[in-house]
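Report on the structure given below.
The structure displayed is predicted, hence computed values, not measured ones.
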Amino acid sequence: MEIKNKTYGEVLVVSPEGRIDHANSEDFRSGLVPFIARCKTDGEWMVLDLARVDYISSAGLRCFMLAEKQTNAQGGTIVVAAMQPVVREIFEISRFTLVFETFATVREAIARISPAALEAYQA
């Protein structure tokens with residue numbers, strides 16, 4: 001499981017790649033920890049870019065729920081963007097679309113969060 005990240009102004013874009021399932025969910029969860037720490041009151045917003053994630057199991061969804069819970073407790077916000085059709089369906093069936101604000105693209109997510117960050121993203 002590879003997790004890339006890039007910061008645009010006050011927006012942190014975190015991009016995991018591959019499947020998020022029972023075999024690697026703990027690696028994914030621990031990989032998110034440093035990014036979650038940055039996502040707090042007066043900190044950065046996090047956009048989870050799921051364009052390169054092709055499957056999420058219930059173990060993976062648990063990681064998302066834990067990340068949301070911790071971020072929320074810190075006063076931060078996580079949104080989700082660019083889901084593949086299968087991943088979007090999993091989010092909808094599990095009703096995670098009620099937990100996370102979702103966007104069709106990373107650009108749309110950043111535009112909603114911060115015009116300044118959008119300028120940096122488009123540069």
Within this structure, what is the [atom1]-[atom2] distance for the pair [X] and [Y], rounded to the nearest 0.5 Å?
X     : Y     : atom1 : atom2 : value
Arg62 : Glu26 : CZ    : CD    : 6.0 Å
Gln84 : Ile56 : CD    : CD1   : 10.5 Å
Asn72 : Lys40 : CG    : NZ    : 15.5 Å
Thr7  : Leu12 : OG1   : CG    : 5.0 Å
Ile93 : Arg88 : CD1   : CZ    : 12.0 Å
Cys39 : Leu48 : SG    : CG    : 9.0 Å

Subject >> Given Val80, Ile20, Val53, the one that forms side-chain contact (heavy atoms from CB on, under 4.5 Å) with Val87 >> reply: Val53
Close side-chain approach of [X] to [Y], heavy-atom, < 4.5 Å:
X      : Y      : result
Met46  : Ile36  : yes
Glu101 : Phe103 : yes
Val99  : Met65  : yes
Phe96  : Ile90  : no

Donor + acceptor pair across side chains of [X], [Y] (<3.5 Å):
X      : Y      : answer
Glu10  : Ser114 : yes
Ser57  : Asp21  : no
Gln122 : Arg107 : yes

**OP:** Please report the C-alpha distance between Asp49 and Lys4 in whole Å, then the side-chain angles of each, then the deciding distance to 0.1 Å, and finally whether the side-chain contact (heavy atoms from CB on, under 4.5 Å) criterion is met.
**Re:** CA-CA 10 Å; Asp49 172 10; Lys4 296 179 182 177; over 6 Å; no
Please check if [X] and [Y] belong to a single hydrophobic cluster, counting links between Ile, Leu, Val, Met, Phe, Trp and Tyr side chain heavy atoms closer than 4.5 Å.
X      : Y      : value
Leu50  : Val47  : no
Phe35  : Tyr8   : no
Leu61  : Ile3   : yes
Ile78  : Leu66  : no
Ile113 : Tyr121 : yes

Subject >> Step-by-step side-chain contact (heavy atoms from CB on, under 4.5 Å) determination, Val14 to Leu32 >> reply: CA-CA 8 Å; Val14 177; Leu32 283 181; 4.0 Å; yes
Subject >> Closest contact, heavy atoms only, Ser25 versus Gly60 >> reply: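 Looks like CB-N, 4.2 Å.
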Original post:
Can you name the nearest heavy-atom pair linking Ala81 to Thr105, along with the distance?
Top reply: CB-O, 3.6 Å
Subject >> Ser94 (side chain) donor-acceptor with Phe91 (main chain) under 3.5 angstrom >> reply: yes
Original post:
Just by modelled atom types, is the Arg19 backbone N or O under 3.5 Å from a matching donor or acceptor in the Asn24 side chain?
Top reply: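 Yes: the side chain of Asn24 pairs with the backbone of Arg19.
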Original post:
Stepwise, does the side-chain contact (heavy atoms from CB on, under 4.5 Å) test hold for Thr102 with Val79?
Top reply: CA-CA 6 Å; Thr102 62; Val79 300; over 6 Å; no
Original post:
When you check the gap from the basic side-chain N to the acidic O, do Arg112 and Glu108 get nearer than 4.0 Å?
Top reply: no
Original post:
Quick one: do Arg52 and Glu2 make a salt bridge, cutoff under 4.0 Å?
Top reply: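 So Arg52 does not pair with Glu2 through a salt bridge.
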